[in-house]
Amino acid sequence: DTEVTQTPKHLVMGMTNKKSLKCEQHMGHRAMYWYKQKAKKPPELMFVYSYEKLSINESVPSRFSPECPNSSLLNLHLHALQPEDSALYLCASRGDRDRGRYTEAFFGQGTRLTVV
Amino acid sequence: AQSVTQLDSQVPVFEEAPVELRCNYSSSVSVYLFWYVQYPNQGLQLLLKYLSGSTLVESINGFEAEFNKSQTSFHLRKPSVHISDTAEYFCAVTNRVGRALTFGSGTRLQVQP
């Protein structure tokens with residue numbers, strides 16, 4: 001199983017709403033990532049979790065709040081978003097080194113978020 | 001610091017023609033290189049990777065890329081493209097201590113009949 005599952009696939013929310021994005025993997029990967037991708041742009045790193053601890057926060061506004069409740073789950077809590085936050089939000093995971101060799105990242109299908 | 005440059009934002013090509021998508025990187029340490037493909041409204045799928053060993057890497061659907069350290073390049077090639085290859089292609093780099101990928105700006109491959 002090399003799958004990263006993201007739910008929901010689509011989300012429309014108002015600027016006063018609170019919602020959460022969910023990401024799940026069962027590959028035993030201990031590094032998990034959130035990326036944001038605007039139309040016709042490459043993914044931009046938001047957060048990195050390593051062994052369920054936040055290790056990188058790329059100066060993301062506090063209206064985005066990540067959470068890693070266990071080694072298989074990664075959430076992104078959303079509150080008071082702006083229309084410019086509309087984007088495709090991608091989750092990825094990566095395993096530990098395999099016999100000293102770097103391992104690649106696997107991506108989910110993304111959540112298409114629209115803020116109205 | 002590391003960076004990736006994909007000079008071609010769009011590459012139109014006719015079906016069954018060969019194609020090359022260019023990728024150059026810069027890094028002060030040894031790198032790992034990847035090509036990801038993104039079909040419309042989907043996530044990223046790993047196409048191929050260079051971690052070590054042979055500098056020529058191949059995918060199961062006919063793409064290949066060659067790591068050229070002296071030219072700091074990792075160009076993607078396919079000898080004969082299909083309509084179904086139409087997608088966005090991202091080159092990405094990380095290094096031994098890197099925890100996340102740095103992506104190029106992407107190249108839109110448009111295969112025409």
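Numbered from 1 within each chain, the chains take letters A, B, ... in sequence-line order.
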- Query: What are the two closest heavy atoms between B:Q42 and A:L88, and how far apart are they?
  - Reply: O-CD2, 3.9 Å
- Would A:V4 and A:M46 show up in the same hydrophobic cluster when neighbours are defined by side-chain heavy atoms closer than 4.5 Å? no
- Message: Starting from A:L73, can I reach A:W34 by hopping between I/L/V/M/F/W/Y residues whose side chains sit under 4.5 Å apart?
- Response: no
- Distance-minimising heavy-atom pair for A:P42 and B:G104: CB-O, 3.1 Å
- Task: Might you confirm whether atom NZ of A:K38 has over 12 heavy atoms from other residues, nucleotides or ligands at distances under 6.0 Å?
- Result: yes
- Pairwise distance CD(B:Q38) to CD(A:Q37) - rounded to 0.5 angstrom: 4.0 Å
- Query: So with a 6.0 Å cut-off around CD of B:Q10, is the heavy-atom count from everything else above 12?
  - Reply: no
- Task: Grab the two heavy atoms, one from B:F90 and one from A:K41, that are nearest each other, plus how far apart they are.
- Result: CZ-O, 3.8 Å
- Hey, which residues of residues 108-116 of chain A are touching chain B, say heavy atoms under 4.5 Å apart? A:G108, A:Q109, A:R112
- Query: Are B:L44 and A:M32 grouped together when hydrophobic residues (ILVMFWY) are joined by side-chain heavy atoms under 4.5 angstrom apart?
  - Reply: no
- Query: Is B:F63 linked to B:F74 within one hydrophobic cluster, defined over Ile, Leu, Val, Met, Phe, Trp and Tyr using a side-chain heavy-atom separation of less than 4.5 Å?
  - Reply: yes
- Query: Quick one: do A:L54 and A:Y33 end up in the same hydrophobic cluster if we chain Ile, Leu, Val, Met, Phe, Trp and Tyr together by side-chain heavy atoms under 4.5 Å apart?
  - Reply: no
- Message: Measuring from atom CG of B:L33 to atom CD of A:E104, what distance do you get when rounded to the nearest 0.5 angstrom?
- Response: 13.5 Å
- Within 6.0 Å of CD in B:E15, more than 12 heavy atoms from elsewhere: yes
- Nearest heavy-atom pair of A:A105 and B:Y36: which atoms, and what distance? O-OH, 2.7 Å
